[in-house]
Every structure is written in structure tokens, then in C-alpha cells.
Participant: 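Sharing a structure, written as C-alpha cells. Questions coming.
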There are 2 protein chains.
Amino acid sequence: MAARHEEIADELRRAIDREEYAVGALLPAETDLATRYGVSRGTVRQAVAALTSEGLIGSRQGARRVVLASRRSQSFAELRSFAQWARAMGRAATGRVVAQEYRPAGTEDAVRLQLRAGTPVLHVLRVRGLDGEPVLLERTVYADWIAAAVEPIEPDCASVTQRLLDDTGLVFAYGEHVIDAVAAGAQDAELLGVRRTSPLLRVRRVTTTYEGRPVEWSDDRYRSDAVSFSVHNSIGNNALARKTAE
Amino acid sequence: MAARHEEIADELRRAIDREEYAVGALLPAETDLATRYGVSRGTVRQAVAALTSEGLIGSRQGARRVVLASRRSQSFAELRSFAQWARAMGRAATGRVVAQEYRPAGTEDAVRLQLRAGTPVLHVLRVRGLDGEPVLLERTVYADWIAAAVEPIEPDCASVTQRLLDDTGLVFAYGEHVIDAVAAGAQDAELLGVRRTSPLLRVRRVTTTYEGRPVEWSDDRYRSDAVSFSVHNSIGNNALARKTAE
DNA sequence: GAGGCGAACTTGTCTGAACAAGTTGGCCTC
DNA sequence: GAGGCCAACTTGTTCAGACAAGTTCGCCTC
């Protein structure tokens, strides 16, 4: 938290949180904030841009900024891994590997991980929970070049992401997620403790390094009674994309 | 498309699209792009910031930017309404009102729309489709102050959003969406043409004006075989938020 | 060959200024 | 009172420069 614009963004977030700026009220003008914090207008703009992208405030040319919401849903920054997310919410992440084996990469594996078909990849089936209650079923495929580092990790390791960072310095930098809904199959139902055909929230994701090299891809299935996703958008600026079936 | 930084962003997007900058390759340095386009470094930074937030390129201090993906999923800007989204994909949005009636606002309506309980609000049940095939079931509640403008709209109007803009100048400026999965009920199944208990992707959303005043809230259920959502994230910058059940 | 060091490069942060473009509200007219 | 117009205000865009912080890669040493 070195950067001044981040400090200012944080102060504004807190001020909104404690309703110093109520929902529906107007934020002070940029120039006011600039003099108040003793920085230039550009720095203030960086700060409020962050809040805007978080959906906390609305912004349009000519009019003062409006406070749209106060309840920011638990630390938007750095909710990358399941474990980090759980910790940020004050809950304990648990995990258990149900099955783990090497298989030659199929066509889908090869495409998503940018490998040649037939390359041995590591399939891991993992159940994850919050405070012990199963919430998520992860079917992950790791690329061959990282598989050796994943294999020896204890089955009940709470954060594989953290572990790989510590052991190998690997950073899960970028992720692409496709979200849809599926009915629980027999295995899903048993491991998550729900009835078969229960609706599950499915997130298929590919994670890459800083260089854009795919590390893993995964089919994650969440119990829909336990977890939901929230997204906000504004006109002309939209992080979410609807996609039709291919 | 007046702003220079938007033009540059667009040129870069197209260049990535036609693989002038291949996935995994490095983008030219900011200073290079600045001289190439004859603008200052700040303007280039605005352009690449847009691509970064779209997930097309990755960025970190000290290293050149990396191209992460090329296939940008159909116009990120302005996919606000169902009709606009359909049009951007080259498909025709259809719509049909199944039921429409005034009811006094319940507690949930009152909270979400910031009205007093008992205020008459307009409930509309609408089936929407792509090229005639039903894809989405919308259960929308409109605030009292806009209901009078919604009521007379023809049942098969393709874009209610556009219609309200034309008639009343109302802009749906901001939206907050919560995504989860539910099983299709009897009515859902019949209207969407799926079996009962089929998994549906549910999006509960509240739409507001520029001032943050809630206009409508809606329970939208998508056929999960027809539509999915995609989100990308990067370390320390995340538009998506996982939420646990309340 | 392995490792450490440092220079060159690149992105991040910040300033101060100027003008463009959109909104708001008061004043004036009819 | 209704409507139109204008001035003040506010955000958006762009520039040029400076320094900080992180990465990369070649060179040198051991």
C-alpha cells in the first residue's frame, strides 16, 4: 500500500463504509479532493477510478460522482485462490484430494494448456470446503511442466496456489473463467453432499503465468446454495460478457 | 469514438485480432507506441489500460506487456440489455410478455427498489429468445415512478430498455448482478422448454439510474445450454467477487 | 558452468497545466 | 408559471517531464 492513490482510494472506501458519504450522495469534486489530500488531480482520478471499477461510485462527465453502494463484498483485490478468498471472509478453507493420476493429454487438454496431445498431464479431483462443509468440487488438469511440483503436495493442503508459490515461485497471474450451470452427477452429488440433479454453479477456468503460459485448467462446481458470484457493470464499461453456446 | 486513447485501444485490439501481435508475444513499449501514434505516454497508458481490463493483455511493472488472448467475446462495451447483446452477436432478440400486473411492494421489493412497502409496483414476466428460441425468463419488478411508462409497451417489444430511453429519456446506467444456479420449477420448465429440475443460470440484478436510484430489479433465468458468462481476472485486480450464502 | 552484479530498459507514480465537453441551476423573458 | 439561455461548475482528455521500482540480460568472476 505504498502508492498514494491507493491510500486515497482506501480512505474513500472507508468513508463510504462508515456512511460519511451516504448512498445516493455526491462525492466532493476532484479538485476539492486534490487539495484536501494534497495531491494533484491526476492522483485523485486514479483513486476514484478504482472505486468506479468496483461499482462503489458512478461517474459521468459534467456531473459530480455519485455513491452507488457501500457494502463492498469482502476485499475485491486478491481473491485469487479459494484459500485466500476463504481467509478474507474469516472462514477456514479445507481441502482433500479424492483422486490423482497422470493421463495422456486429450484434445481439450492439449488446446487449453497449449501442449501436444499425448503429453502426460496430472488430473486431480479435489473437494474443498468452508469450515469443513464441502462447497466446491474441483477437477483440475495441470500442465506437464508443473505436474511434478503438484504431485507430492499433501492431499489435505489448504492452499495449493500458496504452496506452488513457496516451492517453485510460480505465480498464478491471470485467469479466464466461463460460468454456467449444470446438474449434479452421481459423483458430484456424493462428494458435495447434495441430491443428484441438484443445480450446481460451474466455473471452467484456465490459469496462466505472467507470460500467458497456461498452468492449469479446471472444472469447478460450486454448491449453489453456498456460493454465488456478483458482478457490477456500468454503461459503456463492462467486465462481464454473456456468451452463447458454441 | 472521439477520444484518441479509444482510437488507439481499438487499433491495438484489431492488431491483436489479426494476430499482428500473437498470443504470448510482447507488445511494443509505451514510449514506442507513443511515438508511433504521435501522442504522449499518458494517452497510450489509457489505451492499454482498457485492453488490460478486458483481459486481452497482461501488465506488470518492469516487464513489457504480454498478449494473453485474442478472441474478445463480442463487444465488451455496451452489452447492457438483452436486445443490444443479441444484436451485437448478429442474432435477433425476441420477447413476449406472459403476465403483467400491479402488486403492492413486499419487503424485498421495498428494500431493493428503495420504496416504502405497499407502494404499487409493476411485476412483469417475460420470455426472451434468440431467433425465436426461448433462452431467458425474466421476472422483473419496476418501481412505481417508471411503471406507468412500462405498462403500455407492446407485449412483444424486443427492447424495453431502448423503448424507455426513447419515450422517457431514462437511462439504465448501472447494474449489480448476483449469479447462481437454480433448478427449473414447473413454470420455468414450461416457458423455457426444458425439463423440470434442469439447471438454470440465475442472475438477480438491480438496475439504477445515473443518480443511483433503483429502476427495476429482476430474477433472470437463463437456459444453461444456451448461455454462459465469462469473466477474466488478474492478480490484484478482480472484477468478480465470490459470495457466500447470506 | 553457476552465480552475482550492474546497466539498460520498461512500467508505475505523480505533478501542473490547459482545453474540451457535459451538467446544473439561476436569471431573464414571454 | 413555463421555457430558453447563459454562466459556473465538474469531469474527460491530453501533454511533457521527472523520478521510482521492477525486469531482463549481458558481462564478469569464481
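The structure presented is a predicted model; accordingly, all values stated were derived computationally and were not measured. Atom set for the values below is all heavy atoms of this structure, side chains included, hydrogens, waters and symmetry mates excluded. Numbers restart at 1 for each chain; the letters A, B, ... are given by sequence-line order, proteins then strands.
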Participant: Can you see whether B/Trp145 has B/Arg213 sitting over its ring - NZ or CZ less than 6.0 Å from the centre and within 45° of the normal?
Facilitator: yes
Participant: Hey, which sits more toward the 5' end of DNA chain C by its nearest nucleotide, A/Arg41 or A/Gly38?
Facilitator: A/Gly38
Participant: Taking OP1 and OP2 of D/dT13, is either one under 4.0 Å from a side-chain nitrogen or oxygen of B/Arg4?
Facilitator: no
Participant: Among D/dT14, C/dG12, D/dG12, which is the nearest nucleotide to the side chain of B/Arg65?
Facilitator: C/dG12
Participant: Going from OG1 on B/Thr94 to CZ on B/Phe82, what distance comes out if it is rounded to the nearest 0.5 angstrom?
Facilitator: 6.5 Å
Participant: Among side-chain atoms of B/Tyr142 and B/Glu151, is any donor-acceptor pair under 3.5 angstrom?
Facilitator: no
Participant: Looking at D/dT10, D/dC15, C/dT13, which one has an atom nearest to any side-chain atom of A/Ala29?
Facilitator: D/dT10
Participant: Over all strands shown, is B/Arg45 touching base, sugar-phosphate only, or nothing at heavy-atom distances under 4.0 angstrom?
Facilitator: base
Participant: From the list C/dG12, D/dT14, C/dC14, which nucleotide is the closest neighbour of the side chain of A/Thr43?
Facilitator: C/dC14
Participant: Using a 4.0 Å heavy-atom cut-off, does B/Thr31 contact any base of the nucleic acid, only the sugar-phosphate backbone, or nothing at all?
Facilitator: nothing
Participant: Looking at C/dG12, C/dT13, D/dT11, which one has an atom nearest to any side-chain atom of B/Gln61?
Facilitator: C/dG12
Participant: Which part of the nucleic acid, if any, lies within reach of A/Gln46 when heavy atoms closer than 4.0 Å are counted: base, sugar-phosphate only, or nothing?
Facilitator: sugar-phosphate
Participant: Of the nucleotides C/dT11, D/dT11, D/dT14, which has the atom closest to the A/Glu30 side chain?
Facilitator: D/dT11
Participant: With sugar-phosphate meaning primed atoms plus P, OP1 and OP2, does B/Arg60 contact a base, only sugar-phosphate, or nothing at under 4.0 Å between heavy atoms?
Facilitator: sugar-phosphate
